[in-house]
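Below, each value reflects all heavy atoms present in this structure, side chains not excepted, and no hydrogens, waters or symmetry copies. Chain A is the first sequence line, chain B the second, and so forth, proteins listed ahead of strands; every chain is numbered from 1.
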2 protein chains.
Amino acid sequence: MITYRDKEYRCAVELTIELIGGKWKAILLWELSKKTLRFNELVRLFPNITRKMLTQQLKEMERDGLVLRKEYNQIPPKVEYSLTNFGKSFMPIILAMNQWGVDYVAGNIKE
Amino acid sequence: MITYRDKEYRCAVELTIELIGGKWKAILLWELSKKTLRFNELVRLFPNITRKMLTQQLKEMERDGLVLRKEYNQIPPKVEYSLTNFGKSFMPIILAMNQWGVDYVAGNIKE
DNA sequence: CAGTATCCGAACTGATACTG
DNA sequence: CAGTATCAGTTCGGATACTG
């Protein structure tokens with residue numbers, strides 16, 4: 001058993017899923033690992049995610065310490081999202097996910 | 001863009017999430033990688049998953065080619081679940097997930 | 001620009017009972 | 001043993017409109 005922030009998990013995999021599971025978080029980590037991005041840049045990168053879901057996911061990741069939200073007090077507003085060191089610690093997983101795609105569906109990748 | 005089984009994905013990570021995302025699939029892959037298991041053994045291993053959800057997840061993984069369902073025609077029934085080679089191809093990801101837990105919450109693991 | 005608010009249907013999850 | 005069936009509650013996800 002693993003205890004983390006007062007919750008119990010059967011195995012490490014379960015905990016990992018809790019932190020980066022869901023439809024969007026792994027992909028957000030992937031993009032943010034390449035480049036710090038502003039809110040609307042993320043919106044444009046992912047035509048399929050709504051602003052609502054994007055805000056929600058980013059907030060959860062910020063709460064969990066994976067993402068740093070930097071707000072510039074200016075008009076028009078400017079907010080930048082980047083990975084914390086903790087967020088970067090998931091990169092081996094994200095890279096493994098990407099590598100899996102390269103290995104197993106490489107023939108179907110179109111640039 | 002990646003095309004896989006008539007669906008399009010922005011990046012490999014997105015496709016990986018589609019195949020092994022969700023709350024249970026990664027954990028099921030983890031357990032089945034260690035040992036072929038019968039339905040009720042899985043039920044006992046995961047007190048938090050209901051039979052309904054377990055059936056549903058296993059069916060999806062079978063449909064996607066990750067899991068092999070072997071039914072013995074006998075009474076009482078016996079069904080064994082194991083990983084296909086395709087299912088095993090996700091092991092680098094699952095192992096990375098587990099390793100993350102070992103590295104980052106090791107202090108909180110109780111056997 | 002970077003979000004909120006509201007509404008709504010779909011999907012997930014759980015409890016319980018039942019079946020070949 | 002290995003599931004299904006049913007009901008109900010919660011969360012997810014998307015469309016649209018609005019705000020500081």
Side-chain angles (χ1 to χ4, degrees), chain A residues 7-10 13-15 17-29 31-32 35-64 66-83, chain B residues 7-10 13-15 17-29 31-32 35-64 66-83:
Chain A
K7 282 190 71 177
E8 298 207 323
Y9 301 87
R10 271 201 71 262
V13 176
E14 203 174 336
L15 172 53
I17 292 290
E18 175 115 356
L19 287 174
I20 63 164
K23 199 171 168 182
W24 302 108
K25 287 180 185 170
I27 312 176
L28 288 171
L29 286 175
E31 290 298 337
L32 290 176
K35 194 169 174 297
T36 292
L37 290 164
R38 298 176 63 173
F39 187 82
N40 270 4
E41 291 179 315
L42 286 165
V43 170
R44 273 189 293 276
L45 271 176
F46 302 103
N48 292 331
I49 186 170
T50 57
R51 285 155 189 278
K52 189 181 84 170
M53 288 310 298
L54 182 57
T55 306
Q56 197 179 100
Q57 301 294 308
L58 287 170
K59 272 191 180 157
E60 286 180 17
M61 293 168 82
E62 191 191 357
R63 178 202 67 196
D64 292 337
L66 280 70
V67 161
L68 184 71
R69 179 180 182 280
K70 186 173 180 188
E71 186 171 357
Y72 295 83
N73 280 323
Q74 61 177 54
I75 292 177
K78 176 177 175 181
V79 179
E80 284 183 344
Y81 292 93
S82 59
L83 295 192
Chain B
K7 282 190 71 176
E8 297 207 325
Y9 301 88
R10 271 201 70 263
V13 175
E14 203 173 336
L15 171 55
I17 291 290
E18 174 115 355
L19 286 175
I20 64 166
K23 200 170 169 181
W24 301 108
K25 287 179 184 171
I27 313 175
L28 288 170
L29 286 175
E31 290 298 337
L32 289 176
K35 194 169 175 295
T36 292
L37 290 165
R38 298 177 63 175
F39 187 82
N40 270 4
E41 291 178 316
L42 285 165
V43 170
R44 274 189 293 275
L45 271 175
F46 303 102
N48 292 331
I49 187 171
T50 57
R51 285 155 189 278
K52 192 179 80 169
M53 287 312 298
L54 183 57
T55 305
Q56 197 177 100
Q57 300 296 307
L58 287 170
K59 272 190 180 158
E60 285 181 17
M61 292 167 82
E62 191 192 356
R63 178 202 65 195
D64 292 337
L66 281 70
V67 160
L68 184 71
R69 181 181 181 278
K70 186 173 180 187
E71 185 170 357
Y72 295 84
N73 280 323
Q74 62 177 52
I75 292 176
K78 176 176 174 181
V79 178
E80 284 183 344
Y81 292 93
S82 58
L83 296 192

Specify the separation, in whole Å, of atom [atom1] of [X] and atom [atom2] of [N].
X	N	atom1	atom2	answer
B/E41	D/dC1	CD	P	10 Å
A/E71	C/dC1	CD	C1'	11 Å
B/N73	D/dA2	CG	P	13 Å
B/L54	D/dC1	CG	P	14 Å
A/L37	C/dA2	CG	C1'	14 Å
B/E80	D/dA2	CD	P	9 Å
A/L58	C/dT4	CG	C1'	15 Å

Who passes side chain to side chain contact (heavy atoms under 4.5 Å, CB included) against [X], sequence neighbours left out?
X	answer
B/E62	B/R69
A/L54	A/L28, A/F39, A/L42, A/V43, A/I49, A/L58
A/K78	A/R38, A/Y72, A/Q74, A/E80
A/L68	A/S82, A/T84

- [ ] Ignoring backbone atoms, test whether A/R38 places a side-chain nitrogen or oxygen under 4.0 Å from the OP1 or OP2 oxygen of C/dC1.
- [x] no

Task: Phosphate OP1/OP2 of C/dC1: any A/Y81 side-chain N/O under 4.0 Å - done: no

- [ ] For the side chain of A/F39, starting at C-beta, report the closest nucleotide among D/dT4, C/dC1, C/dA2.
- [x] C/dA2

Open item on the list: Applying salt bridge (Lys or Arg N to Asp or Glu O under 4.0 Å) as the test, list every pair that has at least one member in residues 49-61 of chain B; sequence neighbours left out.
Closed with: B/K25-B/E60

TODO: Heavy atoms under 4.0 Å is the rule here; annotate nucleotides 6-20 of chain C 5' to 3' with B where the base is hit, S where only the sugar-phosphate is, and - elsewhere.
DONE: BB-----BB-----B

Task: Heavy-atom closest contact (B/V67 atom, B/Y81 atom, distance) - done: CG1-CD2, 3.7 Å

Open item on the list: I need the minimum non-hydrogen distance between A/I27 and A/F46, along with the two atoms involved.
Closed with: CG2-CE2, 3.1 Å

Task: Test side-chain hydrogen bond (donor to acceptor under 3.5 Å, both in side chains) applied to B/E31 - qualifying residues, sequence neighbours left out - done: A/R10

Task: salt bridge (Lys or Arg N to Asp or Glu O under 4.0 Å) against A/E41, all qualifying residues, sequence neighbours excluded - done: none

- [ ] Starting at the 5' end of DNA chain C, write a dot or bracket for each base, bracketing those in Watson-Crick or G-U wobble pairs whose two distances are under 3.5 Å and using | for partners on another strand.
- [x] ||||||||||||||||||||

TODO: Take A/P76 and A/T55, find for each the nucleotide of DNA chain C with the closest heavy atom, and name the residue whose nucleotide sits nearer the 5' end.
DONE: A/P76

